[in-house]
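Values reported hereafter were calculated over all heavy atoms of this structure, with side chains retained and with hydrogens, waters and symmetry mates removed.
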Amino acid sequence: MTVAADSATGAASLVQSVDWLAIAPPVITAAVALLVLVADLFTGERHKPLLGLGAVAGLLAALATLLPLRAGDRSTFCLTEGSRACSYTADPFALVIQALVLGGALLTALLSIGDTRKLPAGEFWFLLLSSAAGAALLPAARDLATLVVALEVASLPAFALVGIKRGDRRSSEAALKFFLSSVVATAVMLLGVSFVYATTGTLHLTELASRLDDVPGRFTALAGAGVALTLVGFAFKTAAAPFHFWVPDTYVGAPLPIAAYLSVVGKAVGFSGLVLVTVIGFPSYADVWGPALAVLAALTMTVGNVAALRQSAARARSAVRLLAWSSVGQAGYLLVPIAAAAYSGDERIGSTVAYALMYAVVNLGAFAVAALVARTHPGNRIDDYRGLHATRPLAALALGFFLLCLAGLPPGVIGLFAKVTVFSAAVDAGLGWLAVVMAVNVVIALSYYLRWTALLFRTPETGTADGTAPRAPGHRVPAPLTLAIALTAVAGITLSGAPQLILRFAAVSLF
């Protein structure tokens, strides 16, 4: 009888209560993905657009569940014996990244509603929502197993989304490059995770932080290799050089809304994972990952900006290629505060998140205008934007504002303040050389951003860059596309009107 009672008590101690409100954002997104897939089986062709509206409603519902979580930290799936380590934590960092991810997916959905006529609607919306669910799970993950699962849930649907244009050789090639390079990076990361687990006996990040401080001498090399290999996987997801080679071809081959999704949400996934494993999991190895990330930041911003500068305005899809290389350069800036955290503490992480929020708004806006121009100029060359003010003045003003924000020039004040926070993080951490490299790269980036901006307001030519007449711009623009441009423009202008919010946000400790 006593044995039975003890067994019952032991079994009860293993039962964990689930905080459903804390996990609501990714759960709602995943549930809506399944509902959309099932609904597609019973929806006729005439009513397929309703699936897109359902996806938008689901993302809005997931965003709404973030509001009651602002009160404080909430954790669930915690160990019930010994340590109180948890696998899921809804802290300020997780909530901000989830807002960024779900907001980016919502804008991607608005861009996609008018462009899914030739795509399998049910599969498209299911894949987009599934990827968004994984992306929303990742910033709240607090153990390596959940991190890896969330990363793959966010990535695997993205491979299919890139290659979803059936019969398009460019799309298939882009998906294959993205898939193969990502699989290799994941394999390397899993090898690193296995090394870390072998030396510490735990996967929880808070437990790793303490156990890596006391690794037996014979396992020191193995633990260091595990840390380095784990970081390689996340460096690929952030498009950090030299793991960036998949970016331009993938963005060009993917549907334009998916390229926008990868440039913002995909990057947020990689950076949030990188922040979690470095700042929370591996602080005792800061002398390893700090210098490594500083070098990666310098190399990434230089490679991205130099490649963007060399883009030919007359080349087919050069506008998307320039945005792709620009996103690589921006990834370098985002790496700077993470590297600085190794020298001056995790309070610098606020600078990375503040910059990511600015970048998400204006980069999605730039892709939205590119989607608008692509409706009349399928080649989407930079030269196709010449004289855009004459046919679409509001779109030209919006794109000019987005490009100036990315460059860090007025009236895009928000971009200037975001760059100042990143620059200050490097200087305060004693990384003066990295601050100098960043300043040089900002000057390089000014060249191609200003060149594109100036082109918007030049006298339009009679033909396109390939010598053919452009399509008439008088057709009706889908309301969701107009709404996406308007939302990003309003958000950017609002932030530029109160740039001190960026400085205040960058100074907040998110952990």
Please give me the minimum heavy-atom distance between [X] and [Y], naming the atom from each residue.
X: Tyr285; Y: Ala223; result: OH-CB, 3.3 Å
X: Ala308; Y: Leu322; result: O-CD1, 4.0 Å
X: Phe402; Y: Thr488; result: CZ-OG1, 3.4 Å
X: Leu262; Y: Ala158; result: CD2-CB, 4.0 Å
X: Lys267; Y: Ser327; result: CE-O, 3.3 Å
X: Ser87; Y: His204; result: OG-NE2, 3.4 Å

Spacing of [atom1] belonging to [X] relative to [atom2] belonging to [Y], to within rounding of 0.5 Å:
X: Phe243; Y: Leu296; atom1: CZ; atom2: CG; value: 6.5 Å
X: Leu309; Y: Trp325; atom1: CG; atom2: CH2; value: 12.5 Å
X: Phe417; Y: Ile502; atom1: CZ; atom2: CD1; value: 10.0 Å
X: Leu231; Y: Met189; atom1: CG; atom2: CE; value: 10.5 Å
X: Glu152; Y: Ser155; atom1: CD; atom2: OG; value: 5.0 Å
X: Ile28; Y: Thr65; atom1: CD1; atom2: OG1; value: 4.5 Å

Do any N or O atoms from the side chain of [X] and from the backbone of [Y] form a donor-acceptor pair under 3.5 angstrom?
X: Ser182; Y: Phe179; answer: no
X: Ser131; Y: Leu127; answer: no
X: Thr76; Y: Asp19; answer: yes
X: Ser194; Y: Leu191; answer: yes
X: Lys419; Y: Leu406; answer: yes
X: Thr300; Y: Ala241; answer: yes
X: Thr278; Y: Val275; answer: yes
X: Thr200; Y: Thr202; answer: yes
X: Gln311; Y: Ala307; answer: yes
X: Arg70; Y: Leu67; answer: yes

Within-4.5 Å side-chain heavy-atom neighbours: [X] and [Y]:
X: Val361; Y: Ile414; result: no
X: Arg142; Y: Asp91; result: yes
X: Met301; Y: Val437; result: yes
X: Leu274; Y: Leu335; result: yes
X: Leu59; Y: Leu129; result: yes
X: Ile23; Y: Phe77; result: yes
X: Pro499; Y: Leu416; result: no
X: Asp287; Y: Pro291; result: no

Trace of the side chain to side chain donor-acceptor pair (under 3.5 Å) decision for Ser112 with Tyr261
CA-CA 10 Å; Ser112 304; Tyr261 178 83; over 6 Å; no
Ring geometry between Trp246 and Phe236 (parallel below 30°, tilted from 30 to 60°, perpendicular above 60°)
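Tilted: the ring planes of Phe236 and Trp246 meet at 30° to 60°.
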Val196 vs Phe282, test: side-chain contact (heavy atoms from CB on, under 4.5 Å). Steps then yes/no.
CA-CA 10 Å; Val196 171; Phe282 305 148; 4.2 Å; yes
Candidates Asp143, Thr146, Leu137 - the one meeting side-chain contact (heavy atoms from CB on, under 4.5 Å) with Tyr88
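The option that passes is Leu137.
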For Pro257, the option from Leu161, Leu111, Leu128 that meets side-chain contact (heavy atoms from CB on, under 4.5 Å)
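For Pro257, the side-chain contact (heavy atoms from CB on, under 4.5 Å) check succeeds only for Leu111.
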Should Arg170 and Val252 be marked as a side-chain contact (heavy atoms from CB on, under 4.5 Å) after you check the CA-CA gap, both sets of side-chain angles, and the distance that decides it?
CA-CA 8 Å; Arg170 187 182 295 105; Val252 168; 3.6 Å; yes
Looking at Tyr197, I want to see if its OH is surrounded by more than 12 non-hydrogen atoms of other residues, nucleotides or ligands under 6.0 Å.
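Atom OH in Tyr197 is not crowded, with 12 or fewer foreign heavy atoms closer than 6.0 Å.
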Any salt bridge (charged side-chain N to carboxylate O under 4.0 Å, His left out) pairs touching residues 236-250, not counting sequence neighbours?
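As it turns out, the salt bridge (charged side-chain N to carboxylate O under 4.0 Å, His left out) pairs with a partner in residues 236-250, which skip direct neighbours, are Lys177-Asp249, Asp249-Arg321.
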Is it the case that Ser263 and Asn363 place a side-chain donor and acceptor less than 3.5 Å from each other?
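Note: Ser263 and Asn363 side chains meet the donor-acceptor criterion.
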Could you go step by step and tell me if Val277 and Leu144 meet the side-chain contact (heavy atoms from CB on, under 4.5 Å) rule?
CA-CA 8 Å; Val277 295; Leu144 290 177; 4.0 Å; yes
Qualifying residue, where the test is side chain to side chain donor-acceptor pair (under 3.5 Å) with Tyr333 and the options are Asn305, Thr352, Asn441:
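That would be Asn305; it is the only one of Asn305, Thr352, Asn441 passing the side chain to side chain donor-acceptor pair (under 3.5 Å) with Tyr333.
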Just do the side-chain contact (heavy atoms from CB on, under 4.5 Å) check on Leu205 and Leu147 with the steps written out, would you?
CA-CA 10 Å; Leu205 297 179; Leu147 271 175; 4.2 Å; yes
